Amino acid sequence: MYAYDEIDRTLVNERVSEFRDQVKRRLSGELTEDEFKILRLQNGVYLQLHAYMFRVAIPYGTLATNQLRALAHVARKYDRGYGHFTTRQNIQFNWIKLAELPDALEDLAKVGIHAMQTSGNNMRNVTSDQWAGVAPGEIEDPRIWSELIRQHTTLHPEFSFLPRKFKIAITASDHDRAAIKIHDIGLRLIKNEKGETGFEVLVGGGLGRTPFIAKTIKHFVHGRDILSYIEAILRVYNQYGRRDNIYKARIKILVHELGIEKFSREVEEEWQHIRNSSLQIDDEVIEDIRSRFTYPSYEKLPLMPDELRQAAADPDFEAWRKNSVAPHKVQGYSIVTISLKPIGAPPGDATAEQMDALADLADKYSFGEIRVGHEQNLALPHVAKRDLPALWKALDKLGLATPNVNLITDIIACPGLDYCSLANARSIPIAQELTRRFANHELANLIGRLHINISGCINACGHHHVGHIGILGVEKNGEEVYQITIGGRADENATLGTLIGPGVKFDEVADVIEDVVEAYLALRERPEELFMDTVKRLGVEPFKERVYATR
Amino acid sequence: MTSPLEQKKIKIAGPSIVTANRTWDGIVVYRTATKSWSADLSEAAIVRNSDEAKALLAESVADDVGAIGPYIAPVQVGADGKIEPGNLREQIRRTGVTIGQSAQA
Ligand code: HEM
Ligand code: SF4
């Protein structure tokens, strides 16, 4: 958990009353929509197909139970009883009334939640590993550094008017759960030979119309220099970034056009000017932030409690445990992933009742803490192993124990044409149909780790480029058509997927995906060879043949 | 559906209406012949050529306190005068999401 200080709280409260005033002036006609738009976007308010949409930040994906209850309250009181968790550690409410937004913001501010930096051309919510602070083998809690960067860049004038939005992600584990290679800046916490903590810095990742995987710009930047180094990157970006063309304004385009060598030389030069300035971080500053992240007082618990041994006789429990429970850095504890992907449901949605009930369970079993991951699932980060059977029973009652984490039905999908005003095609119904096709748990397990990502337009909110199977909705002569890619991935070996052939119609997508999966099952060398490894070994041709031979 | 938010030139191929979202609560509304907004598509003013469309849009844009983001959208008008949305996007805006509001609820 993180304790916000007084400055943050005052700032958040000021923003709420400011926004209340702006909404009032908007509703009376004193402000036009043109004038108001930028103000509402700064507070996370978009206009969607059916209504306003309100996006709330969950910094580094950490939520206290009172915060989750406040989100449930907003869903119930101001919206239609549910919220949607996104791929960037945000939650969105889809049906909020402008006139009631200031009240919703105020209710959230009481528990330290706000919507700053969820939109606009500024530094966005710095995301991190949802297992931060509990993953075994982690260098150190990456949220300490996320928070440092957040404090430095929030509302910093230099970062509030960038050529385009700017996203940073941080990981501290070998296995990258924060998708750092598809961010503008990706930071990997590492130690050098001397045992000092610092970062490998990657730059220029991003999806959308022109996708790029981030490149390493510097192999080691000492922790105390990270702010000056990021600032140097941003200065070079601010200086060269294309403000004339919205499609070319992202840093990925600049890195691509200048080349990583020239770009890194420019950054290095800039950095030499500023690295020994006030931007150098004192140890006390880091210590101060570190001290505000508190960890539970864990008990000394056995590796294998009796409760767990007894429950192992129940195959349903075992299926869930094997799928959704991961090792914790402290003996006797586990990290539990909560799938928000029940069969047939929209990925990432949670009802107010589920949020409230989950808050109760987190109080009971996870020291009052919940995490939000980029796969549109939640996690309870500190569950004693002896409590796993009881927790599972409770989750199952809530419809939150589908044992499909990282399996083919754990689909990432954007809102698409059902909600989004920019969409070309629907995403959610495609995801729903696919989960029904692969609902059988044995089948999904047999297929193994396989991520499907769906976006309803080229903005790529569903990360389709880096899905093991990616589905992109486009429009052709007024009809929804879907392009299918395979072989992408979003982790430490991030790659963009390859198109397998012409687009297919809405009704055909699930059949085609079934064909792709059948091809994989026939082509894999052994059951342990994962889908993406088979694609890597054989390329897309054999899949293409299989899918298009009969079409 | 190419997003109508990218609508630049006004050229209409058939009967059309102006639609927007009501300012105070964001719901979908249609411009009526009586210079106001209605949540009911059957009350929408129909335009049949670009000049009419331009005029209706201009009048709608001017009523910025009433509704935001107005644009021209195609409709189909039946023999009985019944108005139906002209594409999937407008169909979804009219009848809601195609997924069950939240399948878990
Ligand atoms: C429904 C309202 C939404 C709208 C209007 C919207 C709009 C956009 C736009 C225009 C971009 C591209 C910006 C650019 O490349 O510069 C974008 C990127 C992105 N959106 Fe959304 N989005 C929405 C919802 C979501 C949701 C629900 C998610 C998560 C499931 C999401 C995740 C992302 C991510 C991760 C990116 C970055 C992709 C990249 O690296 O280029 N968005 N969004
Ligand atoms: S990918 Fe396109 S359709 Fe999907 S949420 Fe993003 S902008 Fe909307």
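Every chain is numbered from 1, with letters handed out A, B, ... down the list of sequences. Computed from a predicted model, the values in this text were never measured in an experiment.
With a 4.5 angstrom heavy-atom cutoff, B:Asn21 touches chain A only via side-chain atoms. Only the backbone of B:Arg22 comes within contact range of chain A, with heavy atoms under 4.5 Å apart. Using a 4.5 Å cut-off between heavy atoms, A:Leu31 contacts chain B through its backbone alone, with no side-chain atom that close.
Note: B:Ile68 CD1 to A:Glu33 CD = 4.0 Å, rounded to the nearest 0.5 Å. To the nearest 0.5 Å, atom CZ of residue B:Arg89 and atom CG of residue A:Leu49 are 5.0 Å apart. Considering CG of B:Leu88 and CZ of A:Arg426, their distance stands at 5.0 Å, rounded to 0.5 Å. Once rounded to the nearest 0.5 Å, the distance linking CD1 of B:Ile99 with OG of A:Ser427 reads 10.0 Å.
Contact annotation: the side chain of A:Lys97 never approaches that of B:Ile27 to less than 4.5 Å [non-hydrogen atoms, C-beta and beyond]. With contacts defined as side-chain heavy-atom distances shorter than 4.5 Å, the pair B:Asp64/A:Arg26 qualifies. Contact of the A:Leu98 side chain with the B:Trp24 side chain is not registered, since no non-hydrogen atoms from C-beta on lie closer than 4.5 Å.
Heavy atoms from other residues, nucleotides or ligands lying under 6.0 Å from CG of B:Asp80 number more than 12.
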Could you please spell out the steps behind the salt bridge (Lys or Arg N to Asp or Glu O under 4.0 Å) verdict for B:Arg93 and A:Asp418?
-> CA-CA 8 Å; B:Arg93 284 181 81 240; A:Asp418 283 292; over 6 Å; no

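For the residue pair B:Val65 and A:Gly29, the shortest heavy atom distance occurs at CG2-CA, 3.5 Å.
A:Tyr52 places a side-chain N or O within 3.5 Å of a backbone atom of B:Thr23 that can act as its donor or acceptor partner.
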